[in-house]
*Asks:* 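Below are the structure tokens for one structure; questions will follow.
The residues of the chain are indexed from 1 along the displayed sequence.
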Amino acid sequence: MKKVFLMLVAVGAMTFVSCENKPKANAEEVVEEVTLTQEEADAEADSMIASLTDVIENTKDVNKLQEILEAVKAKAAEYVGLNPEIAKTFVTKVQNFLKEKGDVVKALVGDNAAVGAALASLTDVSADDIVSNFMSAVGDKAAEAVEGAKDAVEGAADAAADAVEGAKDAAAEKVNETVDAAKEKAAETVDAAADAAKKKLGI
């Protein structure tokens, strides 16, 4: 029996130690960092180029062309926030294709000003400048967000101050109403006492 008891104690001790050695769950939620690899950017560029090729060689749909060009810019802006250098290689790869197919693309665009502007924004500007412009836009958005947060905090502080001031005014008004009521009550009591005294004296 003693041996069995000692074995049970040993097992219990080992279980306790193993539980203690387990990492404790973090109370805060772990936010997974969003990353971008060169392979992902290249695959996205290839996908965009495949779509452009289909439009240029098959559908000849100028509206679809504009849609893809805008999608390229949107993706480039997204990549700038993750990795500017990879964003640059993405833009360069699409740019090189558009320049290679320059005459065909321009013929498809024709006199469509909107699509022409979308095309020029990707072909007439260097990849470095495109990325720099997007980075500036990201910086401006961040500054606007900070300024908006400051305004929100200041607005909340002003609202809180107004609420406190309003509460003070309401409390003061309530006190004044209570004092006035007490005065009226006291005056009524005094008048009643005087009337009672007059009656007793037969006045």
Side-chain angles (χ1 to χ4, degrees), residues 18 21-159:
S18 66
N21 289 335
K22 286 182 181 178
K24 294 180 180 179
N26 190 356
E28 297 181 359
E29 183 182 354
V30 178
V31 179
E32 185 178 351
E33 183 180 358
V34 179
T35 58
L36 173 68
T37 65
Q38 187 65 61
E39 291 74 16
E40 291 172 337
D42 288 342
E44 186 63 36
D46 290 339
S47 176
M48 296 288 190
I49 290 171
S51 298
L52 288 168
T53 301
D54 182 56
V55 170
I56 294 169
E57 297 180 357
N58 300 315
T59 65
K60 310 292 185 181
D61 185 344
V62 69
N63 292 323
K64 184 64 177 178
L65 174 62
Q66 181 180 12
E67 181 182 318
I68 298 170
L69 294 174
E70 295 299 338
V72 170
K73 290 192 289 183
K75 186 60 67 173
E78 176 188 336
Y79 286 170
V80 163
L82 298 174
N83 189 315
E85 288 303 317
I86 293 179
K88 194 181 301 181
T89 63
F90 168 80
V91 171
T92 301
K93 194 167 187 176
V94 178
Q95 266 189 343
N96 289 340
F97 170 81
L98 290 171
K99 289 176 181 178
E100 180 185 333
K101 301 288 184 179
D103 292 339
V104 179
V105 175
K106 287 178 182 177
L108 176 60
V109 172
D111 58 358
N112 190 312
V115 183
L119 178 63
S121 67
L122 281 173
T123 56
D124 295 353
V125 185
S126 70
D128 286 339
D129 288 341
I130 290 174
V131 169
S132 295
N133 290 338
F134 280 134
M135 288 179 68
S136 297
V138 169
D140 292 341
K141 289 293 182 184
E144 289 175 8
V146 171
E147 195 63 31
K150 284 172 58 181
D151 291 343
V153 170
E154 290 174 0
D158 291 341

*Asks:* Nearest 0.5 Å, please: how far is CE in Met135 from CD1 in Ile130?
*Replies:*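 CE of Met135 is found 14.0 Å from CD1 of Ile130.
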
*Asks:* Tell me whether Asp103 at atom CG has more than 12 heavy atoms from other residues, nucleotides or ligands lying less than 6.0 Å away.
*Replies:* no

*Asks:* Mind checking whether Leu122 and Lys73 have side chains closer than 4.5 Å, heavy atoms only?
*Replies:*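 Side-chain contact under 4.5 Å: yes.
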
*Asks:* Indicate whether any N or O donor in one side chain lies under 3.5 Å from an N or O acceptor in the other, for Thr123 and Gln95.
*Replies:*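 No.
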
*Asks:* Hey, what do you get for NZ (Lys64) to CG (Leu52), rounding to the nearest 0.5 Å?
*Replies:* 10.0 Å

*Asks:* Does the pair Asp46/Lys93 count as a salt bridge with the N-to-O cut at 4.0 Å?
*Replies:* yes

*Asks:* Quick check for you: to the nearest 0.5 Å, what is the distance between Leu119 atom CG and Lys106 atom NZ?
*Replies:*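 That separation rounds to 7.5 Å.
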
*Asks:* Using side-chain contact (heavy atoms from CB on, under 4.5 Å), reason through Glu57 and Lys101 one step at a time and then give a plain yes or no.
*Replies:* CA-CA 11 Å; Glu57 297 180 357; Lys101 301 288 184 179; 4.1 Å; yes

*Asks:* First locate atom CG of Asn83, then atom CD of Glu78, and finally report the distance between them rounded to the nearest 0.5 Å.
*Replies:*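 Separation between the atoms: 12.5 Å.
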
*Asks:* Would you call Leu69 and Leu98 a side-chain contact if the rule is heavy atoms closer than 4.5 Å?
*Replies:*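 Of all side-chain heavy-atom pairs linking Leu98 with Leu69, at least one is under 4.5 Å.
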
*Asks:* Would a 4.5 Å heavy-atom cut-off, applied to side chains only, mark Val62 and Val55 as touching?
*Replies:*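 Of all side-chain heavy-atom pairs linking Val55 with Val62, none is under 4.5 Å.
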
*Asks:* What I want to check is whether the side chains of Gln38 and Asp42 have a donor and an acceptor closer together than 3.5 Å.
*Replies:*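 There is such a pair (donor and acceptor under 3.5 Å, judged by atom type) between the side chains of Gln38 and Asp42.
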
*Asks:* Atom CD1 of Ile68 and atom CD1 of Ile49: how far apart are they, to the nearest 0.5 Å?
*Replies:* 11.5 Å

*Asks:* Nearest 0.5 Å, what's the CZ-CE distance between Phe97 and Met48?
*Replies:*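 With rounding to 0.5 Å, CZ (Phe97) is 13.0 Å from CE (Met48).
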
*Asks:* Quick one: do the Asp129 and Ser126 side chains pair a donor with an acceptor below 3.5 Å?
*Replies:*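 Judged by distance alone, the side chains do pair up.
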
*Asks:* List the atom of Ala76, the atom of Phe90, and the distance in Å for their closest heavy-atom pair.
*Replies:*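 Smallest interatomic distance, heavy atoms only, reads N-CE2, 3.8 Å.
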
*Asks:* Looking at Thr37, is its backbone amide N or carbonyl O close enough to the side chain of Glu40 to form a donor-acceptor pair, meaning the two atoms are under 3.5 Å apart?
*Replies:* yes

*Asks:* Go through Thr59 and Asp54 one step at a time and tell me if the side-chain contact (heavy atoms from CB on, under 4.5 Å) criterion holds.
*Replies:* CA-CA 7 Å; Thr59 65; Asp54 182 56; 3.8 Å; yes

